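Step one of this worksheet: look at the structure below.
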Amino acid sequence: MTHVTTTAPAGADAVSGPAPERPGGLRRRGLGRIGRPGGRTSHGPGLVFVLPFSLVFAVFLVWPILHGLWMSFTDSSLALRDTTFVGFDNYAEAFGDPEVWSSLGNTVVFTALSSVPLVLIALAMALLVHSGIAGQWVWRLAFFAPYLLPVTVVTLIWTWLYQPELGLANQFLDTLGVGPVGWLSDESVAMWSIAALTVWWTVGFNFLLYLAALQSLPSTSYEAAALDGAGAWRRLWSITLPQLRRTTALVAMLQILASLKVFDQIYILTKGGPNGSTRPVLEYVYDVGFTGYRLGYASAVSYLFFALVIVVSLVQLRLFRQED
């Protein structure tokens, strides 16, 4: 007996029987991605991994921020146990406090003196190393090594350099026939001295960012420019610098925010002197809170400064997006 196999016409599967199961059929029968009824996924393993970080984040960041904000509305003090809610009195006092505005001005001056050199010098250092100069590892180590030093070591080194009688800086000026300079005792020079220290200490980080960006630039543009007869300066201005725009924006943003939060080197070197000419906002907050025992008022000043930093960050982001 002969069996004849025929091909069913379109739509015959609805009569003769169900079609073979297609991919995704498990979802139609109510099975989820991992085979759980109802299409629900299990978040248990993810929560186990996230929970330790969430606890640390809440205890050491969220709770201190909220507690400090509450303290800014009280007369909390290290000298008194009782605390009274005072509303916006601390903020009103901060706006009228000349010391707040003076320390804020010092912070802005330091930011201006340190941020611009830290961007330009880091770019020049990265271009020098990327040019293929001999002794690459020596240059990279020399440029980045100061960044690895702790602030106490850095300030100790520069304190010796700034010594009025025996310091290397004044000895160098003496060889030029110039009299000694009070690097840390002269009000007109102290902030410049701290800015120079900061540039030497932290420029290595910006140098690495620029060097990494330079190494990621495509070589095809340079090869085409060389074929067209473009020299080294033309390639720098027309190819390299435009392609480093995003990196420059990142470096400038990070540097401005870091300079606004300056505290360590100034406190160790001058403690805000001479005559408060180098005292930044954060040092004033420290003095008011832990020397004057006014924690509530210090919290109000710190949150006003925090709001200023947020505004500066948002303005920078907006400017960079417009440029893009």
Side-chain angles (χ1 to χ4, degrees), residues 57-115 151 155 184-195 198 253-318:
F57 182 79
V59 172
F60 293 100
L61 186 63
V62 177
W63 167 246
I65 290 176
L66 296 178
H67 184 65
L69 183 62
W70 163 254
M71 288 176 57
S72 67
F73 294 102
T74 66
D75 61 351
S76 178
S77 174
L78 291 175
L80 300 175
R81 180 172 299 180
D82 297 333
T83 299
T84 305
F85 181 79
V86 296
F88 289 93
D89 291 351
N90 289 329
Y91 290 93
E93 181 181 354
F95 277 109
D97 189 351
E99 294 295 332
V100 172
W101 295 104
S102 175
S103 59
L104 179 60
N106 293 335
T107 305
V108 173
V109 170
F110 173 82
T111 302
L113 292 178
S114 60
S115 297
V151 62
T155 53
L184 301 177
S185 58
D186 189 343
E187 296 183 22
S188 61
V189 180
M191 188 64 79
W192 290 86
S193 303
I194 297 173
T198 304
M253 176 182 296
L254 294 177
Q255 191 54 60
I256 290 175
L257 295 179
S259 297
L260 287 174
K261 296 181 294 183
V262 63
F263 174 78
D264 298 343
Q265 60 266 41
I266 293 181
Y267 184 77
I268 297 175
L269 277 175
T270 63
K271 289 185 172 54
N275 297 325
S277 60
T278 61
R279 180 168 63 177
V281 172
L282 292 184
E283 185 174 343
Y284 180 67
V285 171
Y286 175 85
D287 292 338
V288 171
F290 295 98
T291 303
Y293 301 148
R294 300 186 60 191
L295 293 181
Y297 181 63
S299 299
V301 176
S302 64
Y303 274 89
L304 288 176
F305 181 64
F306 175 71
L308 176 63
V309 172
I310 294 297
V311 170
V312 171
S313 302
L314 294 178
V315 170
Q316 285 183 305
L317 287 175
R318 186 171 183 83

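Computed from heavy atoms alone, side chains included, the values below leave out hydrogens, waters and symmetry copies. Since the structure is predicted, the reported quantities are computational estimates derived from the model, not experimental observations.
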CG of Leu113 to CH2 of Trp192: how many Å apart, nearest 0.5 Å?
5.0 Å
Hey, can you pull the donor-acceptor pairs under 3.5 Å for the side chains in residues 62-72, sequence neighbours left out?
| from | atom 1 | to | atom 2 | distance (Å) |
| --- | --- | --- | --- | --- |
| Ser72 | OG | Leu69 | O | 2.5 |
| Ser72 | OG | Tyr91 | OH | 2.7 |

Output yes when a side-chain donor or acceptor of Ser77 lies under 3.5 Å from a complementary backbone atom of Arg294, and no otherwise.
no
Can you tell me if Phe73 has over 12 outside heavy atoms packed within less than 6.0 Å of its CZ?
yes
Does a side chain donor of either Thr198 or Gln265 reach within less than 3.5 Å of an acceptor in the other side chain?
yes
Hey, is the main chain of Ser277 close enough, under 3.5 Å, to the side chain of Glu187 for a donor-acceptor pair?
no
Value rounded to 0.5 Å, distance of CD1 in Ile266 from OG in Ser193
11.5 Å
Does one side chain, of Asp75 or Tyr297, offer a donor that lies under 3.5 Å from an acceptor on the other?
no
More than 12 foreign heavy atoms under 6.0 Å from CZ of Phe60: is that the case here?
no
Hey, are the side chains of Ser313 and Leu257 touching, using non-hydrogen atoms and a 4.5 Å cut-off?
yes
Within the 4.5 Å heavy-atom criterion, are Ile256 and Val312 side-chain neighbours or not?
yes
Holding to salt bridge (Lys or Arg N to Asp or Glu O under 4.0 Å), I want the full list of residues that pass it with Arg279, two or more places apart in sequence or in another chain.
Glu99, Asp287
Could you pull out the closest heavy-atom pair between Phe110 and Ser114, with the gap in Å?
O-OG, 2.8 Å
Under the side chain to side chain contact (heavy atoms under 4.5 Å, CB included) criterion, do Thr270 and Ile194 qualify, and how do the steps go?
CA-CA 9 Å; Thr270 63; Ile194 297 173; 4.1 Å; yes
One pair to check against side chain to side chain contact (heavy atoms under 4.5 Å, CB included): Leu308 and Leu104. What are the steps and the verdict?
CA-CA 10 Å; Leu308 176 63; Leu104 179 60; 3.5 Å; yes
Examine distances only and state if a side-chain atom of Ser102 and a backbone atom of Pro98 form a donor-acceptor pair shorter than 3.5 Å.
no
Counting N and O atoms only, with roles assigned by atom type, does the side chain of Thr291 sit under 3.5 Å from a partner on the main chain of Val288, one being a donor and the other an acceptor?
no
Looking at CG of Leu254 and CD of Gln316, how far apart are the two atoms once the value is rounded to the nearest 0.5 Å?
9.0 Å
Starting at CG of Leu269, measure out to CG of Leu184 and round the result to the nearest 0.5 Å.
5.5 Å
Phe305 versus Val100: any side-chain heavy-atom pair under 4.5 Å?
no
Donor-acceptor pair, side chain of Trp101 and main chain of Gly96, under 3.5 angstrom:
no
Closest approach of Thr107 and Val281, non-hydrogen atoms and distance?
OG1-N, 3.0 Å
With a 4.5 Å limit on heavy-atom distance, are the side chains of Ser103 and Pro280 in contact?
no
Pair Tyr303, Asn90: side-chain N/O donor-acceptor within cut-off below 3.5 Å
no
Do the side-chain N and O atoms of Thr83 and Thr74 include a donor-acceptor pair separated by under 3.5 angstrom?
no
Any chance you could lay out the side chain to side chain contact (heavy atoms under 4.5 Å, CB included) test for Asn106 and Thr278, step after step, and finish with the verdict?
CA-CA 6 Å; Asn106 293 335; Thr278 61; 5.9 Å; no
